[in-house]
Amino acid sequence: MGREKWGTKLGFMLAAMGSAVGLGNIWRFSFVAGNNGGGAFLILYLIFVLLIGVPLLLTEVSIGRKAESDVIGSFQKLAPKTPWYLTGFFGIASAFLILGFYAVVAGWAIFYFWNYINGTFFTSPATGYEGAFGQFISHTWHPIAWTALFMILTIIIVLSGVKKGIEAANKIFMPLLALILIGLAFFSLSLDGATEGLKFLFQPDWSAFSQPSIYIAALGQAFFSLSLGMGAMLTYGSYLKKENKLPSATLGIGIMDTFFAIISGVVIFPAVFAFGIDPSSGPPLVFITLPSIFEQMPFGGMIGVIFFFALILASLSSSVSILEVPTAYFMRALGWSRFATSVLMGSIMFILGIGVSLGFGIWAGITPIGDLNILDSMDYVASNILLPLGGLSMALLVGWHFKKSEALEATDLKDGLLGSVWFFIIKFLAPVMIVLIFLNQIGILNL
């Protein structure tokens with residue numbers, strides 16, 4: 001049986017956008033921008049997406065399309081008789097860790113969605129939203145049940161196949177998510193005091209550019225928001241037909257991913273400023289701060305329903321691509337069926353999720369890395385170590401192992417100015433930038 005293929009180029013682009021657009025765009029972008037001065041961060045983020053993110057995205061997708069294999073098989077095929085394929089395990093390991101905790105947070109989103117649907121969260125719970133959130137996540141089995149529901153939905157989409165499952169789901173999810181976020185943005189902009197939020201997001205504080213930390217934060221967000229380094233984009237690229245041209249597709253994905261991040265900022269910051277909330281509230285913004293804002297809004301209960309539905313859609317579109325990374329590898333390596341492989345891989349990730357969930361309750365005292373709980377420890381290893389190393393290995397493969405002509409052919413670029421600039425970025429600039437992120441994240445640079 002031949003390798004599965006996308007039905008259309010648009011289907012691939014929507015699926016790739018679905019992979020990139022997730023919890024990171026809707027809440028991580030907002031609190032990272034909030035912590036780094038808003039407008040100045042946004043300018044640097046946009047520059048790094050175009051300068052580093054899109055060239056790396058083109059690189060990762062081109063490896064998959066050229067090899068027509070998974071994250072490990074591609075390295076084995078393109079760099080035979082070398083240990084290069086071992087770097088593919090960075091992607092496999094990061095997929096297990098990331099979906100292990102991602103599914104837990106997505107389960108929280110489903111819990112909130114359900115509570116808005118049944119009217120429980122239309123008004124503040126007796127303990128307040130902070131108390132309700134704390135009680136819920138520290139419960140032994142409640143959050144695990146919602147995590148299980150989310151993983152079942154993810155597994156069902158993946159086991160349905162590339163065209164009938166992943167592509168079909170994203171053709172619904174992504175346009176619907178865009179419409180919901182645009183609608184929420186218009187509503188947020190109608191609030192009194194919304195202009196302060198827009199000024200914060202789009203009017204840069206020029207003095208912020210003198211701080212090295214803002215550059216690393218913007219570069220890191222650009223890298224991770226495009227879902228680079230794990231092998232998801234490589235795996236999705238392997239399902240592309242040879243006649244599908246890559247430069248236009250990857251640029252389109254980069255632009256749309258950035259659109260979702262910015263529109264999420266337009267949804268959140270005007271509301272945050274309208275109700276006098278600190279824009280650097282951090283990760284609790286979505287589960288504690290926003291529900292308290294929704295309560296004060298006209299039609300706030302309905303806004304809560306719509307917002308958390310959007311969060312679930314974004315989470316599902318990303319989780320599907322994460323689960324596909326090990327599923328594609330083990331299907332090829334062990335000859336298993338898609339059904340059995342996706343169920344087994346998803347079940348292992350769910351078991352990891354049980355540990356993450358208990359880390360907020362009866363295992364709260366367990367701190368695998370320093371004073372980090374189980375979720376933060378898994379996030380630290382995946383985001384700060386495995387993803388940068390995975391991205392670095394892909395840049396080095398194309399920039400140093402391939403000849404320039406081979407690299408240009410793989411990416412559908414010609415040997416002109418554009419091709420030369422891209423190759424310079426991948427060979428020299430991107431590796432240096434990734435190493436800087438890596439050294440800063442593990443505490444060696446401390447910028």
Side-chain angles (χ1 to χ4, degrees), residues 3 5-6 8-17 19-20 47-80 82 84-85 87-88 91 222-223 225-258 321 325 328 387 390-434:
R3 189 166 184 80
K5 296 291 181 187
W6 301 110
T8 62
K9 181 179 175 181
L10 177 63
F12 157 70
M13 290 178 68
L14 289 171
M17 280 185 335
S19 174
I47 290 170
F48 285 136
V49 164
L50 287 173
L51 188 64
I52 304 293
V54 171
L56 273 173
L57 179 62
L58 177 57
T59 302
E60 184 168 336
V61 172
S62 73
I63 293 171
R65 191 187 65 169
K66 183 175 175 65
E68 294 186 279
S69 191
D70 52 83
V71 68
I72 293 171
S74 292
F75 285 110
Q76 288 175 323
K77 196 168 181 179
L78 300 178
T82 71
W84 214 304
Y85 73 93
T87 62
F223 187 84
S225 76
L226 282 169
S227 196
L228 299 170
M230 179 171 45
M233 294 302 187
L234 185 155
T235 305
Y236 275 11
S238 72
Y239 302 132
L240 268 172
K241 297 167 184 169
K242 295 292 184 186
E243 58 267 24
N244 295 139
K245 298 301 178 191
L246 298 185
S248 59
T250 50
L251 180 61
I253 293 162
I255 290 170
M256 289 306 296
D257 177 69
T258 305
S321 73
V325 173
L387 288 185
L392 182 63
S393 67
M394 293 177 200
L396 293 177
L397 176 76
V398 173
W400 293 90
H401 185 77
F402 284 10
K403 294 175 183 171
K404 183 180 178 182
S405 58
E406 192 180 5
L408 291 172
E409 182 189 0
T411 52
D412 301 325
L413 288 169
K414 294 185 169 57
D415 194 4
L417 179 61
L418 184 62
S420 295
V421 169
W422 168 80
F423 193 68
F424 173 81
I425 289 171
I426 294 306
K427 187 164 186 171
F428 299 108
L429 189 58
V432 170
M433 293 292 195
I434 294 169

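Computed from a prediction, not measured in an experiment: that's the story for all the values here.
With values rounded to the nearest 0.5 angstrom, Lys241 atom NZ is found 13.0 Å from Phe12 atom CZ. With rounding to the nearest 0.5 Å, the separation of CD in Glu60 from CD1 in Ile63 is 7.0 Å. Taking CG of Leu408 as the reference point, atom NZ of Lys414 lies at 10.5 Å (rounded to 0.5 Å). Of the inter-residue distances, the one linking Leu246 atom CG with Asp412 atom CG reads 4.5 Å to the nearest 0.5 angstrom. Between the NZ atom in Lys245 and the NZ atom in Lys9 there is a gap of 9.0 Å [rounded to 0.5 Å]. Of the inter-residue distances, the one linking Ser405 atom OG with Phe423 atom CZ reads 8.5 Å to the nearest 0.5 angstrom.
Taking the side chain as every heavy atom from C-beta outward, His401 and Glu406 never approach each other to under 4.5 Å. Side-chain atoms of Met394 and Leu397, non-hydrogen and from C-beta on, never get closer than 4.5 Å to each other.
Under the side chain to side chain contact (heavy atoms under 4.5 Å, CB included) test applied with Trp422, the options Leu418, Ile426, Ile425 reduce to a single match, Ile426.
For the pair Ile253 and Met13, the tightest heavy-atom approach, listed with the atom from each and the gap, is CG1-O, 4.1 Å. Of all the heavy atoms in Gly254 and Leu57, the pair that sits closest is N-CD2, 4.3 Å. Minimum interatomic distance between Leu78 and Phe402 (heavy atoms only, all atoms of both residues): CD1-CZ, 3.8 Å. Closest heavy-atom contact between Leu396 and Trp84: C-CZ2, 3.6 Å.
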For residues 226-238, tabulate all N or O donor-acceptor pairs below 3.5 Å that involve a side-chain atom, not counting sequence neighbours.
{"residue": "Ser227", "atom": "OG", "partner": "Ser19", "partner atom": "OG", "Å": "3.0"}
{"residue": "Thr235", "atom": "OG1", "partner": "Gly231", "partner atom": "O", "Å": "2.7"}
{"residue": "Ser238", "atom": "OG", "partner": "Arg3", "partner atom": "NE", "Å": "3.2"}
{"residue": "Ser238", "atom": "OG", "partner": "Arg3", "partner atom": "NH2", "Å": "2.8"}
{"residue": "Ser238", "atom": "OG", "partner": "Thr235", "partner atom": "O", "Å": "2.5"}

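Residues Ser420 and Lys404 bring a donor and an acceptor atom of their side chains to less than 3.5 Å of each other.
Residue Gln76 qualifies as enclosed at atom CD: its count of foreign heavy atoms under 6.0 Å is above 12. At most 12 heavy atoms of other shown residues, nucleotides or ligands fall within 6.0 angstrom of atom NZ in Lys403. Other residues, nucleotides and ligands contribute over 12 non-hydrogen atoms within 6.0 Å of the NZ atom of Lys77.
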Evaluate Leu58 against Leu413 for side chain to side chain contact (heavy atoms under 4.5 Å, CB included), listing each step before the verdict. CA-CA 10 Å; Leu58 177 57; Leu413 288 169; 3.8 Å; yes

Apply the test side chain to side chain contact (heavy atoms under 4.5 Å, CB included) to residues Leu251 and Leu50: give CA-CA distance (whole Å), side-chain angles for both, the deciding distance (0.1 Å), then the verdict. CA-CA 8 Å; Leu251 180 61; Leu50 287 173; 4.2 Å; yes

Applying side chain to side chain contact (heavy atoms under 4.5 Å, CB included) to Ile434 and Leu56, what does each step give before you reach the verdict? CA-CA 11 Å; Ile434 294 169; Leu56 273 173; 4.0 Å; yes

For Asn244 and Trp6, what are the C-alpha separation, side-chain angles and deciding distance, and is it a side chain to side chain contact (heavy atoms under 4.5 Å, CB included)? CA-CA 10 Å; Asn244 295 139; Trp6 301 110; 5.9 Å; no

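By the 6.0 Å and 45° rule, Lys427 stacks over the aromatic ring of Trp400.
For Thr82, the side chain to side chain donor-acceptor pair (under 3.5 Å) test picks out no residue, with sequence neighbours left out.
Although no hydrogens or angles enter the test, the distance criterion places a donor-acceptor pair under 3.5 Å between the side chain of Ser62 and the main chain of Thr59. Panel note: side chain Lys242, backbone Arg65; a donor-acceptor pair is recorded below 3.5 Å.
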